[in-house]
Structures are given as C-alpha cells and as structure tokens.
There are 2 protein chains.
Amino acid sequence: MNIGQAARASGVSAKMIRYYEQIGLIRPADRTDSNYRSFSERDVNDLRFIKRGRSLGFSVEEITNLLSLWRDHTRPSREVKAIADAHVSDLRARIAEMQAMADTLAALSEGCAGDDRPDCPILTDLAAGPAPPAANVGDRAGAIS
Amino acid sequence: MNIGQAARASGVSAKMIRYYEQIGLIRPADRTDSNYRSFSERDVNDLRFIKRGRSLGFSVEEITNLLSLWRDHTRPSREVKAIADAHVSDLRARIAEMQAMADTLAALSEGCAGDDRPDCPILTDLAAGPAPPAANVGDRAGAIS
DNA sequence: CTTGACCTTCCCATGATGGGAAGCCCTATC
DNA sequence: GATAGGGCTTCCCATCATGGGAAGGTCAAG
C-alpha cells in the first residue's frame, strides 16, 4: 500500500503520515525497492487510531502514550483514564475561557448600534479596560483606581 | 519610558512589544541617543488596547483593524460590530466543537474502570472508531462494515 | 571603575499543518 | 519502446503568537 492509498484509507494526509513518522509517532514504514513507503493494514489501523485521537483533541504527545498503552495489553486502564480525564479538564477549562470571551464580547456588541455613527462600546471597552462590573447605572463616583 | 517600563505598564512583554513593532501592529517607537526605544503614554495606551483585544481572543490581524477603527473617529460602528460579531461566531463554533469532544470523551471515561484491569472503552473506541450511535445493548450483529 | 540590571539585535523553538520545488518512479497508451 | 501524467521522494518555507537565549552595548548606583 502506497502512502497515497494509506492516506485515503486512514483519512490522514500523506504529508502528516510522513510527519508522524519523522517525529516517531509511528514506526518508519517499510520501503519498496524504489524507496516508496509501504503500509500494512496494521499501519493503517494505527493511523486511524491517531486520526480519531486528534479529532478528540488529543495532542500528538498524548496520542503517543495512548498508542503505546493500546499496544500493551497488560496496561492498567487507570493510566488511560488519567490521560483522558486530564484532557477533558483541559478542554473544559479552555471552553470556559472562550465562553467568557464570547459572553463579554456579545454583551459589548449588544450595546453597539452597528450603523453609521462612530460611537461603539466595543472600542471604548478595548481602550479603557473592562468596565468595572456593572455598578448601579447611577453610580457617579467614576474614580478609577 | 523604556521598553521594560512600558511592558510593566501595559502588561505586554518586551518581547511582544518588539514583535508588534516588527509586524507593523504598532508604529516604530522613538529611539533615544543610545538606541533604546522610548514610549509615550499614548503608546502604552495602544499596548493596553492590544492586550485587551488579545485577551478577548482577537487575532493580531483583527486587532490591527480595530486599532485603526479606533483611531479613526469618523468610522461607522457597523464595521466594529461586524468584526466583533464574526469573532463571537468563531468563538462559539470552536466552543461547540470542543464541547463535543469533551462530552464524547467524558462518556467514554465514564465507562472506564480506571483500575488495574486493562479493559477500557476509551482505547477500543479510538481503535475501532466512534461507536455507532447506541443501538440496543443487546444488538448482537457485531458486523463491522 | 566595577557591578548588575537593562537594552539592542539575531537566531531558534514551539505544534500541527499545508505549499511547493526538484527529481525519481510507475503505468497506460500510442 | 517512448512518452505523458500522476504518484512518490526529500527538502525548505510559512503559518500564529510566544518565549528562550546569546553576544554585545548602556546606564545608574556604589
């Protein structure tokens, strides 16, 4: 199986297959007489494993560990679960962060007319810093610490 | 004001200030006789603007546009709102994607004992592909297409 | 004058991915 | 058997925002 066929069969681009080989995520593929890489079904399975891992957001490094756990049939599931759970926490943390950004920005956009007038709270917020968390609207002691 | 002082005053690292100058996000800072960069209050304000923009997840390119809109007091708020709204959509899309990953992974982890036994649905899922959306548990026709 | 903290530029690395060039190989068609 | 087109090889470069570090100039305090 050529690299192109392996790519189509696994959904991993040929470029990335070479890259994964280069960084040691997969073992160097066999070569034909003419120096073409040659892939077995098993290699393709590994590539699919990698592909699914990536689509779940695992880093290549995490996948390295998962792959070796997968190959070692005596490994304790504890280790796998630990990697997965750490990754879930990580995802959730980043989600929360982005959610906060989106919320802030959506609120600012809400207050922006979006017409021909130049006035826009989005820019004033960027320029002046996050509005001090909604004190009473009538709060006139605008002292900025 | 030195670059170090500007960095402390703005929260942007000296390294990044040089980088922003290099890519043209900010204008080249004035120089002292000894070739040190010299920053004004106004420069620091720009840096703060950038910093806040970054913390809301805007790319440097988006910030370039926002900064020039900010400097142009005749700009229509429409343009600003458009940038912000596009960014919010972008954030939401990425959030949804990561949320799906986290959910999938959390569900798999749920099914993993996390003890000394090797059995773990996380790995089998990675190896075999996403489980076909929950057919009856008793469904025994394990044919894999 | 020395010391230490600061500044300058320049190069390199990250992580995962793609683009593209130069050159070899294979297969099908004429 | 020659030729064309597509696939393979390696190598280099770019992305995006950020940091590390080296080599060397500068400044201020002791």
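Lettering of chains follows the sequences in order, A, B, ..., and the numbering in each one begins at 1. Since the model is a prediction, treat every value here as computed from it, not as a measurement.
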Taking salt bridge (charged side-chain N to carboxylate O under 4.0 Å, His left out) as the test, write out the residues that go with [X], two or more places apart.
{"X": "A/Asp90", "value": "A/Arg94"}
{"X": "B/Arg8", "value": "none"}
{"X": "A/Asp33", "value": "none"}
{"X": "B/Arg117", "value": "B/Asp115"}

Subject >> Pair listing, ring-ring contact (aromatic ring centres under 6.0 Å, His included) test, anchored in residues 84-125 of chain B, at least two apart >> reply: B/Phe58-B/His87
Can you check the [X] [atom1] to [N] [atom2] distance for me, whole Å?
{"X": "A/Ile17", "N": "C/dG18", "atom1": "CD1", "atom2": "P", "value": "11 Å"}
{"X": "B/Asn35", "N": "C/dC10", "atom1": "CG", "atom2": "P", "value": "11 Å"}
{"X": "A/Tyr20", "N": "C/dA16", "atom1": "OH", "atom2": "P", "value": "8 Å"}
{"X": "A/Ile23", "N": "C/dT14", "atom1": "CD1", "atom2": "P", "value": "11 Å"}
{"X": "A/Ile50", "N": "C/dG15", "atom1": "CD1", "atom2": "P", "value": "16 Å"}
{"X": "B/Asp30", "N": "C/dC7", "atom1": "CG", "atom2": "P", "value": "16 Å"}
{"X": "A/Ile3", "N": "D/dG6", "atom1": "CD1", "atom2": "C1'", "value": "15 Å"}
{"X": "B/Met1", "N": "C/dC6", "atom1": "CE", "atom2": "P", "value": "15 Å"}

**OP:** Could you tell me, to 10°, how much the axis swings from one end of the helix from C/dC1-D/dG30 to C/dC30-D/dG1 to the other, five pairs per end?
**Re:** 30°
With sequence neighbours left out, what residues match [X] under side-chain contact (heavy atoms from CB on, under 4.5 Å)?
{"X": "B/Phe39", "answer": "B/Met1, B/Ile3, B/Ala6, B/Ile17, B/Ala29, B/Arg37, B/Asp43"}
{"X": "A/Thr74", "answer": "A/Asp72"}
{"X": "A/Ser89", "answer": "none"}

Main-chain N/O of [Y] paired to [X] side chain as donor or acceptor, under 3.5 Å:
{"X": "B/Arg48", "Y": "B/Gly11", "answer": "no"}
{"X": "B/Arg75", "Y": "A/Pro118", "answer": "yes"}
{"X": "A/Ser109", "Y": "A/Ala106", "answer": "no"}

Subject >> B/S/- contact track for nucleotides 19-30 of chain D, protein heavy atom under 4.0 Å >> reply: SBB---BBS---
**OP:** Could you tell me whether A/Arg37 contacts a base, only the sugar-phosphate backbone, or nothing, with contacts defined as non-hydrogen atoms closer than 4.0 Å?
**Re:** sugar-phosphate
Original post:
Where the side chain of B/Arg31 is concerned, which of D/dC8, C/dT9, C/dT17 is the nearest nucleotide?
Top reply: C/dT9
**OP:** Look at the side chain of B/Val60 and decide which nucleotide, out of C/dA16, D/dC8, D/dA17, has an atom nearest to it.
**Re:** D/dA17
**OP:** For B/Asn2 and for A/Tyr19, locate the closest nucleotide of DNA chain C by heavy-atom distance; then report the residue assigned to the nucleotide nearer the 5' terminus.
**Re:** B/Asn2
Original post:
Residues in side-chain hydrogen bond (donor to acceptor under 3.5 Å, both in side chains) with A/Arg92, at least two apart?
Top reply: none
Original post:
Between A/Arg54 and C/dT17, is there a side-chain N or O to OP1/OP2 distance below 4.0 Å?
Top reply: yes
Original post:
So which of residues 86-96 of chain A are in contact with DNA chain C, with a heavy-atom cut-off of under 4.0 Å?
Top reply: none
